[in-house]
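Read the structure below first, then the notes.
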Amino acid sequence: MSNLIVSPASSPNEEGSLLQITPESAHWQYVGFEVVQLAAGETLRRETADQEVCLVLLSGKADVRTKEEQWLGIGQRMSVFEQIPPYSVYVASQDSYEVTALTSLELAVCSAPGAGNHRSRLIAPAQVGVETRGYGNIERYIHNILPENEPADSLLVVEVFTPNGHWSSYPPHKHDRDALPEESFLEETYYFRVQPEQGFAVQRVYTDDRSLDETLVVKNGEAVLVPRGYHPVSAPPGYDVYYLNVMAGPTRIWKFHNDPDHAWIMTKPSES
């Protein structure tokens with residue numbers, strides 16, 4: 001299996017952690033990502049230390065507390081495929097969080113270096129930007145959970161719904177050069193869910209010089225590391241694909257570069 005694919009454990013550990021990516025395990029500098037599964041009544045407690053964290057309630061309901069705040073009974077969707085915006089909580093560095101599951105809970109813990117510049121806060125569904133990108137079979141649906149126009153030090157968090165038979169992160173684009181204003185350097189993780197769950201997604205990760213060129217078959221519950229290069233995704237016919245993206249780099253801005261061979265696809269054909 002490709003070393004760009006991170007598979008979940010067969011069962012959660014004592015904290016409920018099912019899948020974990022750290023800068024050390026990914027051999028990069030900024031992005032951390034974890035999936036935690038809790039049964040009703042179970043609690044996850046953590047200190048953020050020098051990291052800022054975005055807790056995304058992928059499915060289920062919970063009480064969430066930080067050192068100074070609490071949000072009780074948050075969460076509304078029981079599956080990501082309900083395709084409604086999630087509840088999330090931004091937790092600043094040098095803070096802590098306590099998550100108590102009120103139902104079965106799947107929680108994404110997104111992390112990156114923090115500087116303590118922002119207060120911990122709830123990100124309610126009404127605050128999540130909803131948009132449609134693309135056209136035809138490159139149409140997909142976006143929930144901007146923590147975009148660059150919302151306060152954070154490093155993190156960018158977004159979720160994408162790709163209908164069966166469609167492509168997303170398409171045309172192929174990359175953000176692996178610290179060359180603003182044309183392009184920003186951002187590490188990225190993709191966390192996949194597939195419906196029905198026996199299905200798969202296909203993701204290609206490649207660079208211009210093809211020193212990295214991998215085509216990945218990604219199963220439900222797996223994550224993909226994108227350290228550099230273009231990274232389009234395909235949802236095979238019959239299988240809807242969800243993914244949660246976490247990005248971070250030296251500058252908190254998303255400026256991408258389309259593969260010149262395929263940039264023409266951005267132009268929607270005129271209707272005659």
Side-chain angles (χ1 to χ4, degrees), residues 6-22 32-49 51-92 95-111 119-128 130 141 143 145-146 155 157-161 189-199 218-223 239-246:
V6 181
S7 297
S10 56
S11 60
N13 68 12
E14 64 278 1
E15 281 195 307
S17 181
L18 190 65
L19 181 151
Q20 187 173 45
I21 296 165
T22 66
F33 179 74
E34 185 176 11
V35 177
V36 175
Q37 288 186 352
L38 300 176
E42 293 183 334
T43 297
L44 175 71
R45 296 180 180 89
R46 296 268 179 85
E47 301 284 334
T48 57
Q51 301 288 293
E52 62 179 3
V53 170
C54 184
L55 304 170
V56 181
L57 278 66
L58 297 172
S59 62
K61 298 181 180 182
D63 294 337
V64 180
R65 296 174 173 85
T66 62
K67 287 180 179 178
E68 298 182 355
E69 303 283 352
Q70 64 177 11
W71 302 278
L72 306 180
I74 63 173
Q76 61 178 343
R77 66 188 190 189
M78 294 295 109
S79 164
V80 296
F81 290 103
E82 292 177 26
Q83 207 169 310
I84 55 178
Y87 278 84
S88 304
V89 175
Y90 171 83
V91 189
D95 202 341
S96 63
Y97 57 89
E98 177 182 289
V99 181
T100 300
L102 303 177
T103 66
S104 295
L105 179 71
E106 183 180 29
L107 179 72
V109 181
C110 317
S111 60
R119 290 179 60 87
S120 299
R121 68 186 187 277
L122 176 69
I123 304 171
Q127 297 169 276
V128 174
V130 178
Y141 312 110
H143 290 161
I145 297 168
L146 191 58
L155 278 170
V157 182
V158 61
E159 59 181 15
V160 178
F161 299 84
T189 56
Y190 277 65
Y191 173 63
F192 285 86
R193 299 303 301 271
V194 180
Q195 185 182 58
E197 64 182 22
Q198 73 270 22
V218 191
K219 299 175 184 176
N220 181 58
E222 292 185 325
Y239 295 100
D240 293 326
V241 170
Y242 162 95
Y243 54 80
L244 179 71
N245 288 140
V246 183

- Item | Gln76 side chain reached by Tyr87 side chain, heavy atoms, under 4.5 Å | yes

- Rounded to the nearest 0.5 Å, how far apart are CZ of Phe192 and OH of Tyr242? 11.0 Å

- Kindly indicate whether the side chain of Trp71, heavy atoms from C-beta on, has any atom under 4.5 Å from the side chain of Val89. yes

- Message: So, taking the atom named CZ in Arg193 and the one named CG in Asp240, what distance separates them when rounded to the nearest 0.5 Å?
- Response: 13.0 Å

- Tightest non-hydrogen contact, residues Leu38 and Gly16, listed as CD2-CA, 4.4 Å

- In terms of heavy-atom contacts, Val157 and Cys54 come closest through CG2-CB, 4.1 Å

- Message: Do Arg65 and Asp63 have side chains that approach each other closer than 4.5 Å (heavy atoms only, starting at C-beta)?
- Response: yes

- Message: Regarding Glu159 and Tyr243, do their side chains bring together a donor and an acceptor under 3.5 Å, going by distance alone?
- Response: no

- Task: Classify the side-chain pair Asp95/Ser120 by whether it contains a donor and acceptor separated by less than 3.5 Å.
- Result: yes

- Query: Would you say Glu222's side chain and Lys219's backbone share a donor-acceptor pair under 3.5 angstrom?
  - Reply: yes

- Message: Let me confirm one number: the CD-CD distance from Glu106 to Gln37, rounded to the nearest 0.5 Å.
- Response: 5.5 Å

- Message: Are there over 12 heavy-atom neighbours, none belonging to Glu197, within less than 6.0 Å of that residue's CD?
- Response: no

- Are the side chain of Gln51 and the backbone N or O of Thr48 linked by a donor-acceptor pair below 3.5 Å? no

- Closest approach of Ser96 and Val91, non-hydrogen atoms and distance? O-CG1, 3.8 Å

- Query: Do Glu15 and Arg46 sit within salt-bridge range, that is, some charged N less than 4.0 Å from a carboxylate O?
  - Reply: yes

- Message: Hydrogens and angles aside, do Thr43 and Thr100 bring a side-chain donor and acceptor to less than 3.5 Å of each other?
- Response: yes

- For Val128 and Pro85, the nearest pair of non-hydrogen atoms, with its separation, is CB-CB, 3.8 Å

- Note on the structure: dist Thr189:OG1 -> Leu19:CG (nearest 0.5 Å) comes out at 9.5 Å

- Message: Looking only at the side chains, is there a donor atom on one of Glu52 and Tyr90 sitting less than 3.5 Å from an acceptor on the other?
- Response: yes

- Task: Assess whether atom CD of Glu68 is packed by more than 12 heavy atoms of other residues, nucleotides or ligands within 6.0 Å.
- Result: no

- Message: Could you check whether Glu69 pairs with Arg119 (Lys NZ or Arg NE/NH1/NH2 to Asp/Glu carboxylate O, under 4.0 Å)?
- Response: yes

- Message: Do Leu107 and Leu55 make a side-chain contact, defined as non-hydrogen atoms from C-beta onward lying under 4.5 Å apart?
- Response: yes

- Is the shortest heavy-atom distance from the side chain of Phe161 to the side chain of Val241 under 4.5 Å? no

- Can you tell which of Leu57, Leu122, Ile145 makes a side-chain contact (heavy atoms from CB on, under 4.5 Å) with Ser88? Ile145

- Message: Could you walk me through whether Val109 and Val36 satisfy the side-chain contact (heavy atoms from CB on, under 4.5 Å) test, starting with their C-alpha distance in whole Å, then the side-chain angles of each, then the deciding distance to 0.1 Å, before giving a yes or no?
- Response: CA-CA 8 Å; Val109 181; Val36 175; 4.2 Å; yes

- What are the two closest non-hydrogen atoms of Lys61 and Met78, and how far apart are they? CG-CE, 3.9 Å

- Which atom names give the shortest non-hydrogen contact between Leu105 and Ala62, and what distance separates them? CD2-CB, 3.9 Å

- Classify the ring geometry between Phe33 and Tyr191 as parallel (under 30°), tilted (30 to 60°) or perpendicular (over 60°). tilted

- Note on the structure: The reported gap from CD in Gln83 to CZ in Arg77 (rounded to nearest 0.5 angstrom) is 9.5 Å

- Donor-acceptor contact present, side-chain Gln70 to main-chain Thr66, <3.5 Å: no

- Task: Find the distance between CG (Leu146) and SG (Cys110) and round it off to the nearest 0.5 Å.
- Result: 8.5 Å

